[in-house]
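Just below is one structure, and these are the notes that go with it.
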Amino acid sequence: MTPIAPHAPTAADVLAAAQRLQGVAHRTPVLHSGMADELLGAQLFFKCENLQRTGSFKFRGAYNALAQLDAAQRQRGVLTFSAGNHAQAIALAARLLDIPALVVMPEDAAAAKMAAARSYGAQVVTYNRFSEDREAISRRIAQERGMALIPPSEHPQVIAGQGTAALELLQEVPRLHYLFVPVGGGGLFAGSLLARQALGSSCETWGVEPEAANDAQQSLRSGQIVQIAEPRTIADGALSTALSPLAFALIGQHAEGITTASDPQLVQALRFFAERMKTVVEPTGALAFAGARHGGIELRGKRVGIIVSGGNVDLARYARFLSD
Ligand SMILES: *Cc1c(COP(=O)(O)O)cnc(C)c1O
């Protein structure tokens with residue numbers, strides 16, 4: 001297993017990631033909505049990473065990390081233990097770079113998720129969520145096969161890659177006053193803070209967490225990483241119980257703050273995206289909009305960037321959100 005370089009990612013790493021992703025990742029559109037502007041009394045700019053390859057921004061970090069592996073490591077392959085968007089992102093990035101990929105998933109994971117990872121050519125290894133430890137299994141396989149373990153947040157080049165979504169938004173829409181970013185393990189938020197730094201922007205940058213999973217908000221307040229119990233929220237892309245240490249170092253130093261959104265507010269936002277903006281967003285992808293709307297930050301008259309982070313949601317589940 002190749003040890004992960006422990007160095008913190010920098011603003012320059014985000015700029016280099018943007019170069020690496022050019023022509024590989026989609027430059028996703030920035031949408032506007034007169035109705036959304038009216039609701040908040042502000043000008044909103046939605047960066048639509050639900051339209052990114054594999055349906056979320058995670059492709060950016062995955063590709064940026066894998067593209068920097070040396071030839072020997074590429075031959076031995078990569079693995080990860082996410083069941084969600086990071087797994088799909090690693091699977092596609094690996095296929096594009098001709099690297100064998102393995103994903104460790106719970107045996108009761110949604111069939112669609114396993115199928116998605118396999119359809120991109122990854123090998124899926126399952127484990128029992130209740131009796132086995134996925135990180136231990138992943139480390140053992142990594143050791144046995146010499147594969148590089150690429151975690152969803154705790155990796156400098158993953159964080160740098162995630163920052164390119166905010167970089168594109170800040171480049172395309174000048175003079176933003178505020179930027180709202182969803183927070184799970186913190187990679188997207190940390191990368192966004194580096195993107196702001198790279199462009200010398202003074203845009204106030206806020207993270208948004210599910211109300212029931214506000215470990216990052218607690219961490220920012222207390223100055224150290226706070227670990228919470230397994231949270232219950234529909235935002236299944238932000239279920240992490242603690243920030244990644246690399247992300248926390250950047251968030252603690254550079255972030256304006258973290259606010260939260262409740263599950264009913266996320267559902268309301270999903271419906272707004274569907275009905276008014278004609279775009280499919282997953283619950284976690286709606287965090288930034290819901291946080292801007294309900295998070296108690298005065299935005300009247302401001303120019304506000306919103307990262308819409310993903311759109312992968314099981315259709316039957318999505319239909320229930322829309323019809324409830
Ligand atoms: C992973 C993910 C997040 C959270 O990103 P982190 O880097 O873990 O903070 C937000 N939205 C979606 C759609 C995701 O897949």
Side-chain angles (χ1 to χ4, degrees), residues 9 14 17 28 46-62 64-65 80-92 110 113 116-117 150-166 179-195 205-210 213-217 219-220 225 231 233-251 255 258 260-261 266 269-270 273 279-291 306-314 317-318:
V14 178
T28 52
F46 296 92
K47 176 68 169 168
C48 289
E49 287 295 302
N50 55 324
L51 304 177
Q52 184 53 261
R53 294 183 84 169
T54 70
S56 85
F57 70 91
K58 291 268 190 350
F59 177 71
R60 296 173 180 271
N64 188 52
T80 192
F81 49 73
S82 146
N85 289 337
H86 179 65
Q88 289 184 56
I90 289 287
L92 176 61
K113 284 188 173 161
I150 312 287
S153 307
E154 185 61 7
H155 187 300
Q157 295 312 324
V158 169
I159 292 175
Q162 317 303 35
T164 60
L179 176 63
F180 288 85
V181 184
V183 182
L188 178 63
F189 191 28
S192 301
L193 292 163
L194 291 175
T205 304
W206 285 76
V208 185
E209 283 189 298
N214 73 332
D215 59 282
Q217 189 179 50
S219 303
L220 199 56
I225 296 175
T233 166
I234 59 170
D236 52 359
L239 288 176
S240 55
T241 56
L243 283 173
S244 106
L246 271 180
F248 176 67
L250 292 163
I251 292 168
I258 293 180
T260 61
L266 292 178
L270 290 190
F273 281 120
T279 192
V280 176
V281 177
E282 65 182 274
T284 317
L287 273 170
F289 179 43
I306 305 282
I307 304 281
V308 181
S309 54
N312 292 324
V313 52
D314 177 76
R317 185 163 174 254
Y318 185 60

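First listed ligand is number 1; within each ligand, the first listed atom is number 1.
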Polar contact flag, side-chain donor to acceptor under 3.5 angstrom, Thr28-Gln52: no
Atom indices of ligand 1 within 4.0 angstrom of Gly237 heavy atoms, with elements: 1 (C), 2 (C), 3 (C), 4 (C)
Ser153 heavy atom under 4.0 Å from ligand 1: yes
Nearest-option assignment for atom 10 (C) of ligand 1, heavy atoms, candidates Asn50, Thr284, Val208: Thr284
Geometric class of the Trp206/Phe180 ring pair [parallel <30°, tilted 30-60°, perpendicular >60°]: parallel
Any donor-acceptor N or O pair under 3.5 Å, side chains Asn64, Gln157: yes
Option with minimal heavy-atom separation from atom 9 (O) of ligand 1, where the choices are Gly184, Gly61, Pro182: Gly184
Min N/O separation Phe57 to ligand 1 under 3.5 Å: no
Residue portion contacting ligand 1 (non-hydrogen atoms closer than 4.0 Å) for Val183: backbone
Verdict with supporting geometry, Leu220 and Leu243, side chain to side chain contact (heavy atoms under 4.5 Å, CB included): CA-CA 10 Å; Leu220 199 56; Leu243 283 173; over 6 Å; no
Numbered atoms and elements of ligand 1 in range of Glu282, under 4.0 angstrom, heavy atoms: 13 (C)
Under 3.5 Å: donor-acceptor pair, side chain of Thr205, backbone of Leu179: no
Criterion side chain to side chain contact (heavy atoms under 4.5 Å, CB included) on Val308 and Phe273, from CA distance to verdict: CA-CA 10 Å; Val308 181; Phe273 281 120; 4.0 Å; yes
Test of proximity, Gly310 against ligand 1: N or O pairs below 3.5 Å: no
Shortest protein contact, atom 8 (O) of ligand 1 (heavy atom only): Gly185 N, 2.9 Å
Mode of Glu49 contact toward ligand 1 - side chain, backbone, both, neither (heavy atoms, under 4.0 Å): neither
Distance from atom 14 (C) of ligand 1 to nearest protein heavy atom, with residue and atom: Lys58 NZ, 2.9 Å
Atoms of ligand 1, numbered as shown, that sit under 4.0 Å from any heavy atom of Gly187: 6 (P), 7 (O), 9 (O)
Non-hydrogen atom of Gln162 closer than 4.0 Å to ligand 1: no
Glu49 vs Leu188, side chain to side chain contact (heavy atoms under 4.5 Å, CB included): CA-CA, chis, key distance, verdict: CA-CA 12 Å; Glu49 287 295 302; Leu188 178 63; over 6 Å; no
Atoms of ligand 1 close to Asn85 [distance to a heavy atom under 4.0 angstrom, numbered from 1]: 13 (C), 14 (C), 15 (O)
Structural part of Ser309 in contact with ligand 1, heavy atom criterion under 4.0 angstrom: both
Taking every non-hydrogen atom, the tightest pair across Ser153 and Gly186: OG-N, 4.1 Å
Any N or O of Gly186 closer than 3.5 Å to N or O of ligand 1: yes
